[in-house]
Amino acid sequence: MPVITLPDGAKRQYDHPVTALDVAADIGPGLAKAALAARLDGALIDLSHVIETDATLAMVTAKDDDALALIRHDCAHVLAEAVLELYPETQVTIGPSIDNGFYYDFYREAPFSADDLAAIETRMHAIVDRDEVITREVWTRDEAVAFYRKNDEPFKVELVDAIPANETVTFYRQGDFIDLCRGPHAPSTAKIGHAFKLMSVAGAYWRGDSNRPMLQRIYGTAFFQEKELSAYLTMLEEAEKRDHRKLGKALELFHIQEEATGSVFWHPKGWTMYREIESYMRRRLDAANYQEVKTPQMIDRSLWEKSGHWDKFRENMFTAESEGDRILALKPMNCPGHVQIYRQGITSYRDLPLRMAEFGSCHRNEPSGALHGIMRVRAFTQDDAHIFCTEDQIDSEGRAFCDLLLDIYRDFGFDDVRVKFSDRPETRAGDDATWDKAEAALESATNAAGLDTTLNPGEGAFYGPKLEFVLRDAIGRDWQCGTLQVDFVLPERLDAEYVAEDGSRQRPVMLHRAILGSMERWIGILIEQYAGRMPPWLAPVQVVVAPITDAVTSYAAEVRERLAAHGVRVQLDSRNEKISYKVREHSVAKVPFIIAIGEREQQDGTIALRRLGDKNQETIALDAAVSMLIEEITPPDLKNS
RNA sequence: GCUGCUGUAGCUCAGUCGGUAGAGCAACUGAUUCGUAAUCAGUAGGUCGGAGGUUCAAGUCCUCUCAGCAGCACCA
């Protein structure tokens with residue numbers, strides 16, 4: 001008979017099998033009421049689960065980390081129940097909890113409208129109020145298949161069919177609704193509470209396969225407390241405000257228009273940022289012993305055939321015609337071009353590692369649905385480089401790269417970087433020994449750099465393993481920025497070689513690497529990270545000098561001159577407007593420093609400085625202010641030197 | 001690319017039952033010289049994304065198309 005060990009180490013002995021709920025009730029009625037599920041020897045179970053042997057047991061309540069996912073999953077079932085009650089012709093398929101809520105995929109001819117969503121949500125509240133008991137049932141797989149065949153639900157039949165014939169499956173029933181589900185679930189629908197909301201409906205392919213039918217996915221979110229829900233919704237609103245597409249327009253950084261979808265028109269202010277970032281990167285690359293090059297925008301198809309891109313990447317390549325039937329392709333990548341430079345002349349082992357960098361403008365014909373502001377475009381510039389090296393140098397080059405990348409990310413204000421490690425895919429080039437070596441080298445590079453990686457099994461490129469450096473945007477979307485890829489294949493295909501110590505000809509390894517990824521995406525991420533309030537060194541306009549009356553304009557102009565002479569991006573706002581109007585306007589434009597000049601400042605040779613976001617201002621002697629501002633706007637890599 | 005939604009002034013949006021287009025902000029002009037997040041007054045601004053159709057009449061209804069948005073798929 002079971003001995004139950006509780007989290008505090010206490011043991012309870014029973015002379016008969018008990019349910020998790022029995023144990024909870026034994027501990028106290030409050031706990032029995034609060035319990036949503038339990039954890040049996042670490043695994044989540046229903047409260048109704050019968051325990052027959054010795055085990056450790058912990059109750060899961062709203063305080064538990066897993067509890068939110070649990071009620072969200074419950075909520076998905078309530079959503080499905082509501083949909084079936086309102087639209088009986090609908091087929092339910094799959095509905096899990098996800099990071100910020102849950103969804104359920106439905107098959108139904110007619111699309112769900114916004115009004116439908118409101119009606120469904122209302123019905124969901126009613127179902128919660130009904131407090132339907134949620135019960136678990138164990139069926140044989142064959143029973144389940146027969147059930148769904150009879151109901152003519154092919155999607156469910158497919159799910160159950162995938163399970164081995166002699167196994168059992170579990171169903172969860174609440175009211176008249178029953179669904180194939182692993183569980184666990186809370187004991188009744190009332191446990192969900194009312195702090196939930198349906199967010200949107202959108203298409204989603206059945207089983208994530210674009211060749212299969214499209215279902216309608218209804219997204220929702222749920223919390224334990226109403227105020228948690230409203231906090232989440234407020235957070236979404238705030239995130240929307242820092243959307244780079246809105247800010248890019250509002251701050252006059254760039255625009256995109258119909259005639260050039262997926263390409264950016266950089267306005268003077270946006271281009272100032274762009275150039276500042278490019279200059280910074282150039283300094284960092286110089287310091288890290290990279291050599292910068294520039295390769296052709298269009299290259300004959302024959303080179304892309306050799307490199308393998310024509311085969312594997314043709315759909316995404318733009319082409320142009322010339323001289324009759326000659327086909328040129330706009331480069332989607334810089335690597336083949338770099339190999340052409342590498343191949344000029346003979347390379348000695350003494351020249352390796354050779355680090356070749358390019359701010360390479362690439363064109364890729366991305367699917368229309370993939371385009372997103374300046375984050376995902378068809379014309380973009382990579383801070384690309386290829387390191388030609390020996391296999392033995394992969395490790396040290398990888399480390400140096402990770403260090404450089406982290407240092408650069410830090411300079412831009414990103415400390416929290418997630419790294420995905422993609423190892424060997426099913427179909428690949430190169431033998432296992434080489435892969436072992438490459439993977440080990442990449443791993444040691446990340447370890448040395450102090451990076452935590454998550455494994456992305458089998459997601460490596462066919463030519464080698466890769467690291468992907470991922471940042472998350474304001475709206476919670478992940479964007480891949482940096483990458484480090486080990487490549488044994490391209491040097492072979494494009495016949496790159498070097499002369500080894502013993503005089504033999506050898507293949508170099510190519511490390512493909514980017515830090516920012518694309519200039520466009522990087523700037524988009526920066527805008528969202530800072531909500532448009534760029535660090536002073538990146539701000540398009542760093543200082544505005546605003547005279548309070550005409551009488552002091554000449555002194556204000558002098559202040560402007562002083563700053564401009566030191567390379568400060570400074571403007572004089574001598575318009576006939578009140579100082580409060582100017583302060584508001586330049587604050588809205590997110591200028592980091594506003595200098596107000598009045599009679600007092602003119603007389604004393606001072607300035608009144610106001611920092612963006614501050615309510616107050618300080619009066620500083622002009623000389624001191626100039627040197628302070630110069631320090632403030634100095635790019636991070638040039639500070640203290 | 002797929003599903004759904006959206007497209008009206010530089011921006012944010014309103015526009016009823018089909019009856020010939022409206023607000024705020026921005027812009028421009030004038031007045032105001034005013035010490036830290038919007039001074040007042042006036043003026044101008046639109047082939048209603050594009051093409052076709054229905055109608056006496058289309059921003060409004062229908063078809064096609066382009067673009068944007070959300071999600072899915074894609075991102076070597």
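Letters A, B, ... mirror the listed sequences (proteins, then strands); counts begin at 1.
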To the nearest Å, how far apart are [X] [atom1] and [N] [atom2]?
X	N	atom1	atom2	result
R575(A)	U29(B)	CZ	P	13 Å
M214(A)	A70(B)	CE	C1'	12 Å
K582(A)	A37(B)	NZ	C1'	14 Å
E577(A)	G30(B)	CD	P	13 Å
Y555(A)	G35(B)	OH	P	18 Å
R245(A)	U6(B)	CZ	C1'	14 Å
F593(A)	U36(B)	CZ	P	21 Å
K615(A)	U36(B)	NZ	P	13 Å

Sugar-phosphate only, base, or nothing, as touched by [X] at under 4.0 Å among non-hydrogen atoms:
X	result
A608(A)	base
R610(A)	base
G308(A)	nothing
S587(A)	base
E599(A)	base
P111(A)	sugar-phosphate
T549(A)	base
K312(A)	nothing
A596(A)	base
S368(A)	base

Suppose you measure atom [atom1] in [N] against the same atom in [M]; what distance do you get, rounded to whole Å?
N	M	atom1	result
A67(B)	G50(B)	P	15 Å
G24(B)	C61(B)	C1'	31 Å
C40(B)	G52(B)	C1'	50 Å
U6(B)	G49(B)	C1'	11 Å
G15(B)	C66(B)	P	29 Å
C69(B)	G18(B)	C1'	29 Å
C72(B)	U20(B)	P	45 Å
G19(B)	A37(B)	C1'	46 Å

| said: Is there a side-chain contact between E439(A) and P465(A) in this structure, where contact means two heavy atoms from C-beta onward sitting under 4.5 Å apart? | reply: yes

| task | Please examine the side chains of L467(A) and T483(A), heavy atoms only from C-beta on, and report whether any two atoms are closer than 4.5 Å. | result | no

| said: Are more than 12 heavy atoms, taken from residues, nucleotides or ligands other than E426(A), located less than 6.0 Å from that residue's CD atom? | reply: no

| request: Check the angle between the aromatic planes of F388(A) and H386(A) and answer parallel, tilted or perpendicular using the 30° and 60° thresholds. | output: tilted

| query | Any cation-pi pair here, R314(A) with W310(A), using under 6.0 Å and within 45°? | reply |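 Yes, R314(A) sits over the ring of W310(A).
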
| query | Can R72(A) be said to sit on top of F102(A)'s aromatic six-ring, NZ or CZ under 6.0 Å from centre and within 45° of the ring axis? | reply | no

Side-chain-base donor-acceptor pair under 3.5 Å for [X] and [N]:
X	N	result
R207(A)	C72(B)	no
E252(A)	G10(B)	no
Y205(A)	G71(B)	no

Quick one: which of [options] gets closest to the side chain of [X]?
X	options	value
E601(A)	G35(B), C72(B), A73(B)	G35(B)
L371(A)	G68(B), G35(B), C75(B)	G68(B)
A202(A)	C74(B), A37(B), A70(B)	A70(B)
A370(A)	G68(B), C74(B), A37(B)	C74(B)

| query | Is there a side-chain hydrogen bond (donor to acceptor under 3.5 Å, both in side chains) between E252(A) and H267(A) once you walk through the steps? | reply | CA-CA 7 Å; E252(A) 300 175 304; H267(A) 295 205; over 6 Å; no

| said: Using a strict threshold of under 4.0 Å (side-chain N to carboxylate O), is an ion pair present between E358(A) and K331(A)? | reply: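 Here K331(A) pairs with E358(A) in a salt bridge, since their nearest N and O are under 4.0 Å apart.
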
| query | Would you call E585(A) and K582(A) a salt bridge, taking side-chain N to carboxylate O under 4.0 Å as the test? | reply |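 Judged by the 4.0 Å cut-off on N to carboxylate O distance, E585(A) and K582(A) do not form a salt bridge.
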
| field | 5' priority, RNA chain B, between E258(A) and I548(A) [closest heavy atom] | value |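 Taking each residue's closest nucleotide, the earlier one in sequence belongs to I548(A).
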
| said: Judged by each residue's nearest nucleotide on RNA chain B, which is more toward the 5′ side, E366(A) or G613(A)? | reply: G613(A)

| task | Would you name the heavy atoms of F313(A) and P332(A) that are closest together and state the gap between them? | result |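 In this case the closest contact between F313(A) and P332(A) is CE2-CB, 3.5 Å.
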
| field | Shortest non-hydrogen contact from V377(A) toward E366(A) | value | O-CG, 3.6 Å

Does [X] put a side-chain nitrogen or oxygen below 4.0 Å from OP1 or OP2 of [N]?
X	N	result
Y219(A)	C72(B)	yes
R584(A)	U39(B)	no
H372(A)	C75(B)	no

| note | Writing each nucleotide of RNA chain B 5' to 3' as (, ), [, ], | or . by Watson-Crick or G-U pairing under 3.5 Å yields (((((((..((((.....[..)))).(((((.......))))).....(((((..]....))))))))))))....

